[in-house]
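To start, the structure under review is shown below, and the notes come after it.
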Amino acid sequence: MKTQLSDFGSLGPAEDNLLDAVQRGVFAIVSNGVPDEPAPEVTIRASFIRYLALGGCDACCPAAPGVRVWGAWIAGDGDPGWPTKGLYLDGADLCGDLFLVACNIPDAVFAYGTRAKTLGFDGSRLAAGLQADRLEATGGVFLRQAEITGVVRLAGARIGGSLECDGAKLRVEEGATALLADRLQTTGGVFLRQVEITGAVRLLGASIGGDLVCEGAKLRVGSGGKALNAHSLRAEGVFFLRDGTVIYGALDLTGARVGSINDDADCWPAPGNLLLDRLQYVAITGGPVDAERRLKWLALQDPSRFGQDFWPQPYEQLAKVLREMGHTDDARRVLEEKERLLRADRRNRA
């Protein structure tokens with residue numbers, strides 16, 4: 001049976017504000033910033049958010065833009081049949097956008113298989129993560145300036161625009177994954193500018209229609225872990241790794257394919273923490289293009305750490321790109337180094 005407005009009884013001040021705003025198609029401005037306490041004047045029940053996001057009822061029909069809230073405390077009052085508190089949107093068809101901006105969301109947000117236009121949590125504080133595997137968003141997913149404790153799951157999600165996490169802070173327990181977006185598909189890019197992520201970032205098999213941008217990012221993971229695992233990723237645009245990005249852990253680009261690379265040598269990971277086997281790229285659009293510095297880049301790899309022999313492909317790929325860019329002498333130097341290392345590897349194995 002469809003939820004009715006009358007089922008919520010007496011509405012609080014913030015809920016009255018939201019009810020009026022969604023019918024007029026505007027933001028409900030509840031407070032000027034993220035609330036620290038669930039005071040009555042800023043509290044909105046999660047079930048009330050769900051009711052409006054699903055289109056309300058005859059007594060309340062949200063306008064086309066959807067549900068947009070600024071500065072509320074979202075109380076996870078729970079729904080019948082759910083074992084824990086939270087905002088439950090699993091499998092739902094949302095009537096428009098859902099923007100919860102500068103909100104305090106102490107309980108988990110569940111959006112498995114949800115279909116929406118745009119999902120946004122800019123500047124919000126999510127204390128129990130975001131569970132959105134198989135999400136379908138025709139617009140974008142925005143986590144800009146958000147503070148999130150707990151995993152953000154977007155495995156198998158399909159996003160018509162971009163995934164934007166600029167300035168976000170994500171934290172999980174040591175050794176855990178902070179952003180899990182395996183098989184993610186985006187028409188636009190994935191933006192990790194100025195993020196601070198404590199925990200692994202996984203983009204295994206992701207398909208990105210635009211750029212993968214790591215500019216000014218701080219990526220940290222436990223000892224021996226992969227801070228950014230982009231194994232078999234496909235990005236049509238540029239992979240940016242620059243502007244002070246620091247990677248504490250491994251950067252895995254095994255089997256990935258990107259349009260081009262734009263990086264800064266100061267942002268490369270520590271020796272032994274770079275995996276480039278079978279990485280394909282068309283050009284180097286920024287960063288070193290001479291053999292001396294690019295060979296130092298390739299030397300950051302340590303196949304033996306992963307129980308493997310010497311990887312010749314990264315040298316062949318680099319030589320191919322340098323030659324096509326007109327750096328024929330540098331390309332020749334890279335191939336000479338590859339042959340030297342390959343002979344040394346054969347002697348060691350023999």
Side-chain angles (χ1 to χ4, degrees), residues 172-180 182 192 195-206 212 214-233 235 239-258 261-281 284 287-319 321-322 333-350:
V172 291
E173 296 179 357
E174 184 174 354
T177 298
L179 174 59
L180 197 161
D182 297 352
L192 302 175
V195 297
E196 296 182 19
I197 301 180
T198 302
V201 175
R202 288 179 44 137
L203 294 167
L204 278 70
L212 172 57
C214 298
E215 294 178 337
K218 302 292 185 294
L219 309 179
R220 299 174 179 269
V221 74
S223 178
K226 295 178 180 180
L228 176 55
N229 190 345
H231 193 297
S232 301
L233 170 138
F239 174 44
F240 289 94
L241 186 71
R242 56 185 312 110
D243 295 345
T245 291
V246 179
I247 299 178
Y248 298 96
L251 169 58
D252 188 351
L253 294 168
T254 303
R257 185 177 68 215
V258 300
I261 293 175
N262 188 317
D263 62 0
D264 187 331
D266 292 337
C267 301
W268 295 342
N273 279 335
L274 184 61
L275 294 86
L276 299 174
D277 188 30
R278 293 177 285 111
L279 169 66
Q280 298 179 45
Y281 50 99
I284 299 172
V289 290
D290 59 279
E292 181 180 358
R293 285 181 291 176
R294 279 296 162 186
L295 285 173
K296 290 180 180 179
W297 177 56
L298 296 183
L300 297 175
Q301 303 176 98
D302 184 6
S304 63
R305 175 183 170 188
F306 303 93
Q308 299 184 33
D309 298 326
F310 173 70
W311 295 327
Q313 186 274 342
Y315 291 81
E316 295 166 356
Q317 176 69 36
L318 175 60
V321 169
L322 291 177
R333 173 74 183 89
V334 170
L335 291 178
E336 290 171 352
E337 181 66 6
K338 183 206 77 170
E339 290 300 324
R340 186 188 71 80
L341 294 172
L342 189 57
R343 288 193 296 270
D345 181 68
R346 288 170 178 166
R347 286 195 299 271
N348 289 337
R349 286 188 284 119

_With Ser232 via side-chain contact (heavy atoms from CB on, under 4.5 Å) - residues at least two apart_ = none
*Residues forming a ring-ring contact (aromatic ring centres under 6.0 Å, His included) with Tyr281, sequence neighbours excluded*: none
*Side chain to side chain, Val321 and Ile284, heavy atoms closer than 4.5 Å*: yes
*Heavy-atom side-chain proximity of Ile247 to Val221 below 4.5 angstrom*: no
*List in chain and number order the residues that pass salt bridge (charged side-chain N to carboxylate O under 4.0 Å, His left out) with Glu316, two or more places apart in sequence or in another chain; answer none if no residue qualifies.*
Lys338
*Listed by chain and number, what are the side-chain contact (heavy atoms from CB on, under 4.5 Å) partners of Glu173, not counting sequence neighbours?*
none
*Answer yes or no: does atom CD of Gln313 have more than 12 heavy-atom neighbours from other residues, nucleotides or ligands under 6.0 Å?*
yes
*Sequence-distant partners of Asp290, salt bridge (charged side-chain N to carboxylate O under 4.0 Å, His left out), two or more places apart*: Arg293
*Where do Tyr315 and Leu341 land on the side-chain contact (heavy atoms from CB on, under 4.5 Å) test, with the steps shown first?*
CA-CA 10 Å; Tyr315 291 81; Leu341 294 172; 3.2 Å; yes
*Find out whether Val258 and Leu233 are in side-chain contact, i.e. whether some heavy atom of one side chain is under 4.5 Å from a heavy atom of the other.*
yes
*Kindly indicate whether the side chain of Pro312, heavy atoms from C-beta on, has any atom under 4.5 Å from the side chain of Asp345.*
no
*asked:* Just so I know, are the side chains of Leu275 and Leu251 near enough to count as touching, which here means a heavy-atom distance under 4.5 Å?
replied: no
*How far apart are the closest heavy atoms of Val195 and Leu192, and which atoms are they?*
CG2-O, 3.4 Å
_With Asp277 via salt bridge (charged side-chain N to carboxylate O under 4.0 Å, His left out) - residues at least two apart_ = none
_Pairing residues for Arg242 by the side-chain hydrogen bond (donor to acceptor under 3.5 Å, both in side chains) criterion, not counting sequence neighbours_ = Asn262
*Would you name the heavy atoms of Asn273 and Pro269 that are closest together and state the gap between them?*
O-CG, 3.6 Å
*Do Phe239 and Cys214 pass the side-chain contact (heavy atoms from CB on, under 4.5 Å) test, and can you show the C-alpha distance, the side-chain angles, and the key distance before you say yes or no?*
CA-CA 8 Å; Phe239 174 44; Cys214 298; 4.2 Å; yes
*Quick one: list whatever passes side-chain contact (heavy atoms from CB on, under 4.5 Å) with Leu335, sequence neighbours left out.*
Ala319, Arg323
*Where is the tightest heavy-atom contact between Pro303 and Phe310, given as atom of each residue plus distance?*
CG-CA, 4.3 Å
*Partners passing side-chain contact (heavy atoms from CB on, under 4.5 Å) against Glu196 (at least two apart in sequence or in another chain)*: Lys169, Lys218
*In Å and rounded to the nearest 0.5 Å, what is the CD to CG distance from Gln301 to Leu276?*
4.0 Å
*Looking at residues at least two apart in the chain, or sitting in another chain, which of them share a salt bridge (charged side-chain N to carboxylate O under 4.0 Å, His left out) with Asp309?*
Arg349
*asked:* So, taking the atom named CG in Asn229 and the one named OG1 in Thr254, what distance separates them when rounded to the nearest 0.5 Å?
replied: 7.5 Å
*Who pairs with Arg278 by side-chain hydrogen bond (donor to acceptor under 3.5 Å, both in side chains), at least two apart in sequence or on another chain?*
none
*Do the non-hydrogen side-chain atoms of Leu274 and Asp252 ever get within less than 4.5 Å of each other?*
no
_Measuring only between side-chain heavy atoms, which start at C-beta, is Val246 closer than 4.5 Å to Tyr248?_
yes
*asked:* Counting C-beta onward and ignoring hydrogens, is there a side-chain heavy-atom pair between Leu322 and Arg333 closer than 4.5 Å?
replied: no
*Under the side-chain hydrogen bond (donor to acceptor under 3.5 Å, both in side chains) rule, collect the residues that match up with Arg340, sequence neighbours excluded.*
Glu337
